[in-house]
Amino acid sequence: MADEVILLDFWPSPFGMRVRIALTEKGIKYEYREEDLRNKSPTFLQMNPVHKKIPVLIHNDKPICESLIAVQYIDEIWNKKNPLLPSDPYQRSQARFWADYADKKIYDLGRKIWTSKGEEREGAKKEFIEVLKLFEEQLGDKVYFGGDNLGFVDIALVPFSTWFKALEIFGTLNVESECPKIISWANRCVQKESVSKSLPDQNKVFEFIADVKKKSGVE
Amino acid sequence: MGDEVILLNLWLSPYGMRVRIALEIKGIKYENREEDLSNKSPLLLQMNPVHKKIPVLIHNGKSICESLIAVEYIDDVWNDKSPLLPSDPYQRSQAKFWANYVDTKLYEIALRFWRTEGEEKEAAREEFLECLKLLEEQLGDKPYFGGNNLGFVDIALVPLFCYFYTLNLYGNFIKEEQYPRIISWAKRCTQNDNVSKSFPEEQKFKESISQTRTNLNKE
């Protein structure tokens, strides 16, 4: 029986991008469905009644919500090629730790940078750079966080590279000058088809963020 | 070679309790080391430099931080008995989803309920009870979220209920007739040896909580 895989998503969502990358890495055919978050479809509300958020991975009619849980599920089901998590339990726990760290920090700090001003913004910028520097340390001399291939942490983190232009323009935060290793890592990731196919153009994301800012009345 | 397992903990931490329950269920011998959070040990700072928080599980000199990541690690390594997560990938994703829900919603709301007064407290109470309804549905007729035995979601959730139980909040906070399944689940859990071994001594706990309350009121 063929697998039916659907992804309910929203094109600028970094969380959606994670699942797209994982599906593409594994060579899984899937149907991408754009959700209008201001007008949520009945299917969407039925598939994620708890959080009512995207992304939602639907595999043979069964929903899996929360991006990192979906990525882990994908890795477990389609386990014949391109492992996303290490096989060693300790390495696996470390990959989960750093993906969790990205989850706890990057989104909120990034949003704060382009929605706040003055001291609050400066504080958020400082913390953001500290977080990226920790990731740089973790990366070390490796090509990817996953080693020679894309792994769980790469997938968790790389979607946020689509925010760098917005961070620079709205937050006067030049990631390249502060964390050059992160930029070169992100560039390496984008060379991979699974990433380049899954990430929208940074300029489009920038315009989207500019629009959100305008609509929420933040200067 | 024997395993050396150390848990850096704080006796009344619900997060530490999760890891203790997992270790007890698996029958793992471990050393529980009490940390003074106002005077963090060099070992804690070395083993959890990122968050500087407890609990930290140290297995043969290697640290695993974040309670649910540690619980998953324990399940991965000591995989010959008492599985904490289901073997089926879909069931596993659902267990992770609900544990994540407990982590990101319930604990946060419970803290808000604890720390606020008046309208804010009332709002937190309402939110908490909404979450409980969902969990009541999830539990269904099973003795535990994990089925016949304690599983990942039970471990994530039960420390919070031990708090409620000890503080006799059930009567006012959670009415038995509205949440019969959750209440009987909580009673069942507290009677479970592995849970009661991991919970702080009742009198000491009550005294400490009332002291914290007094201190909070003084601020």
Side-chain angles (χ1 to χ4, degrees), chain A residues 3 5 15 19 22 47-53 55-79 85-105 107-108 127 130-131 133-135 137-138 152-153, chain B residues 3 5 19 22 47-53 55-79 84-106 108 130-135 137-138 152-153:
Chain A
D3 280 309
V5 182
F15 305 103
V19 188
M47 289 286 142
N48 191 357
V50 176
H51 297 298
K52 304 180 179 57
K53 286 183 176 174
V56 181
L57 178 72
I58 310 174
H59 181 209
N60 295 333
D61 287 334
K62 296 192 291 196
I64 301 99
C65 309
E66 295 303 300
S67 60
L68 293 181
I69 294 176
V71 171
Q72 282 180 79
Y73 173 81
I74 288 165
D75 199 37
E76 282 168 28
I77 294 272
W78 289 277
N79 55 16
L85 275 144
S87 50
D88 171 71
Y90 185 73
Q91 295 307 327
R92 206 157 45 236
S93 75
Q94 298 311 290
R96 288 185 176 130
F97 176 86
W98 287 103
D100 176 68
Y101 185 66
D103 252 7
K104 283 180 156 81
K105 294 281 181 181
Y107 184 82
D108 287 338
E127 217 191 319
E130 276 166 17
V131 168
K133 284 206 157 86
L134 269 181
F135 274 106
E137 245 182 77
Q138 268 310 293
F152 196 56
V153 182
Chain B
D3 279 310
V5 182
V19 187
M47 290 283 146
N48 192 357
V50 175
H51 298 298
K52 303 179 181 56
K53 285 181 177 176
V56 180
L57 179 71
I58 309 175
H59 182 208
N60 295 334
K62 297 191 291 194
S63 63
I64 303 99
C65 309
E66 295 303 297
S67 60
L68 292 181
I69 293 176
V71 170
E72 218 178 328
Y73 173 81
I74 288 165
D75 201 37
D76 270 346
V77 175
W78 287 274
N79 56 16
L84 306 176
L85 276 149
S87 51
D88 170 69
Y90 186 71
Q91 296 307 326
R92 198 154 51 239
S93 75
Q94 299 310 290
K96 285 179 182 171
F97 175 85
W98 287 105
N100 174 263
Y101 179 75
V102 165
D103 238 12
T104 52
K105 290 269 187 185
L106 249 83
E108 187 265 316
E130 282 298 313
C131 292
L132 267 201
K133 266 199 208 135
L134 274 179
L135 288 171
E137 255 176 62
Q138 267 310 294
F152 198 58
V153 182

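A note on names: the letters A, B, ... follow the listed sequences, proteins ahead of strands, and every chain is numbered from 1.
A distance of 6.0 Å separates CD of B:Glu72 from CD of A:Gln72, quoted to the nearest 0.5 Å.
Taking the side chain as every heavy atom from C-beta outward, A:Ile64 and B:Tyr90 approach each other to under 4.5 Å.
Checked against the 6.0 Å centroid threshold, B:His51 and A:Tyr101 count as a close aromatic pair.
The candidate with the highest count of non-hydrogen atom pairs below 4.5 Å against chain A, out of B:Glu66, B:Lys105, B:Lys62, B:Gln94, is B:Lys62. Of the listed residues (B:Ala70, B:Cys65, B:Ser63), the one with the most heavy-atom contacts under 4.5 Å to chain A is B:Ser63.
With a 4.5 Å cut-off on non-hydrogen atoms, A:Phe97 touches chain B through its backbone and its side chain both. Heavy-atom distances place the side chain of B:Tyr73, and not its backbone, under 4.5 Å from chain A. Heavy atoms closer than 4.5 Å to chain B are found in both the backbone and the side chain of A:Pro63.
Under the rule for a side-chain contact (heavy atoms from CB on, under 4.5 Å), the partners of A:Glu127 that lie at least two apart in sequence or sit in another chain are A:Lys105, A:Leu109, A:Glu130. Qualifying side-chain contact (heavy atoms from CB on, under 4.5 Å) partners for B:Asp76, counting only residues two or more places apart in sequence or in other chains: A:Pro89, A:Arg92, A:Arg96.
A:Val50 approaches B:Tyr101 most closely through the heavy-atom pair CG1-CE1, 3.4 Å. B:Ile69 and A:Ser93 get closest at one heavy-atom pair: CG2-O, 3.6 Å.
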